[in-house]
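Working notes, structure below.
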Amino acid sequence: MYWLMKSEPDVYSIDDLARSSGPAMWEGCRNYTVRNFMRDRMADGDLAFFYHSNSDPSGIVGVMKIVGEAFPDPTQFDATSEYFDPKAPADGSRWLARNVVFVQKFNRVIPLNELRETPGLEEMLVTKRGQRLSVMPVTESEWAIVLALGQSSL
DNA sequence: GCCAACGTTGGC
DNA sequence: GCCAACGTTGGC
């Protein structure tokens with residue numbers, strides 16, 4: 001499957017991922033729909049768009065790859081972390097993380113506005129009003145269209 | 001910084 | 001199990 005995963009670049013950007021020598025942990029997701037995606041639908045080797053949220057402009061900035069399986073997010077047990085969850089069951093099943101590796105940074109940001117205006121992306125979840133999931137599926141045709149935009153030098 | 005949308009919590 | 005209150009996301 002294909003995915004879109006959001007991060008605020010002030011917190012973690014695609015440049016941070018590109019600098020990372022090995023896999024990076026995608027942590028801190030605290031939404032059950034996202035948890036279920038990461039647990040049940042996401043697979044080793046899946047590709048994902050890296051989306052910068054709360055940015056100027058917000059948009060898709062590159063591609064990464066999921067490596068390995070889901071595992072308990074260690075930040076849920078870390079009292080010093082902003083992601084600490086005092087009610088998290090000890091088995092770690094409430095909040096999961098995934099490892100990701102950098103694949104490519106696009107020549108340019110593909111802003112949300114452009115996604116909304118691009119034929120074929122009318123149903124893309126990230127363009128929907130009120131859509132707040134930080135991890136969401138992308139269809140194969142959406143993937144191909146966005147990838148072509150990202151590899152153009154417009 | 002505003003606020004719409006929507007997820008989560010908790011009283012009942 | 002309903003639903004009001006509250007918290008969070010994230011575009012603008």
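Below, chain A is the first sequence line, B the second, and so on; all start at residue 1.
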Measure from [atom1] on [X] to [atom2] on [N] and round the result to the nearest Å.
X	N	atom1	atom2	value
A:E82	C:dG7	CD	P	17 Å
A:D85	B:dT8	CG	C1'	12 Å
A:L115	C:dG10	CG	C1'	15 Å
A:M124	C:dG11	CE	P	13 Å
A:E8	C:dC12	CD	C1'	15 Å
A:M136	B:dG7	CE	P	12 Å
A:W95	C:dT8	CH2	C1'	12 Å
A:N31	C:dT8	CG	P	13 Å

Enumerate the residue pairs fulfilling salt bridge (Lys or Arg N to Asp or Glu O under 4.0 Å) with a member in residues 63-91 of chain A, sequence neighbours excluded, ordered by first and then second residue.
A:R30-A:D73, A:D85-A:R94
Determine yes or no for a side-chain-to-main-chain donor-acceptor pair under 3.5 angstrom, with [X] supplying the side chain and [Y] the backbone.
X	Y	result
A:E122	A:G120	yes
A:T127	A:L115	no
A:S20	A:G22	yes

Could you list by number each residue of residues 125-134 of chain A showing a heavy-atom separation from DNA chain B of less than 4.0 Å, or answer none if no residue does?
A:R129, A:G130, A:R132
Going by number, which of residues 50-62 of chain A have a non-hydrogen atom under 4.0 Å from DNA chain B?
none
Sub-6.0 Å ring centroid separation between A:W95 and A:Y83
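Between A:W95 and A:Y83, the centre distance exceeds or equals 6.0 Å.
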Contact summary for A:R98 and A:D44, nearest pair of heavy atoms
NH1-N, 4.2 Å
Looking only at side-chain N and O atoms, does A:K6 come under 4.0 Å of OP1 or OP2 in C:dT9?
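So the side-chain polar atoms of A:K6 never come under 4.0 Å of the phosphate oxygens OP1 or OP2 of C:dT9.
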Verdict with supporting geometry, A:L4 and A:M124, side chain to side chain contact (heavy atoms under 4.5 Å, CB included):
CA-CA 10 Å; A:L4 181 146; A:M124 194 169 182; 4.1 Å; yes
Review item, nucleotides 2-5 of chain C N/O atoms under 3.5 Å of protein N/O:
none

Under 4.5 Å between any side-chain heavy atoms of A:V135 and A:M42, yes or no?
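Counting from C-beta outward, A:V135 and A:M42 do come under 4.5 Å.
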Hey, what bend do you get for the helix from B:dG1-C:dC12 to B:dC12-C:dG1 if you fit axes on five pairs at each end, rounded to 10°?
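For the helix from B:dG1-C:dC12 to B:dC12-C:dG1, the axes at opposite ends meet at about 10°.
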Verdict with reasoning, A:L47 to A:Y2, per side chain to side chain contact (heavy atoms under 4.5 Å, CB included)
CA-CA 5 Å; A:L47 294 171; A:Y2 298 104; 4.1 Å; yes
Would you mind listing every ring-ring contact (aromatic ring centres under 6.0 Å, His included) that reaches into residues 43-75 of chain A, with sequence neighbours excluded?
A:W26-A:F50, A:F49-A:W143, A:F50-A:H52
Hydrophobic cluster membership, with links at side-chain heavy-atom distances under 4.5 Å among I/L/V/M/F/W/Y: are A:I66 and A:M25 in one?
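Looking at the clustering, A:M25 is in a separate group from A:I66.
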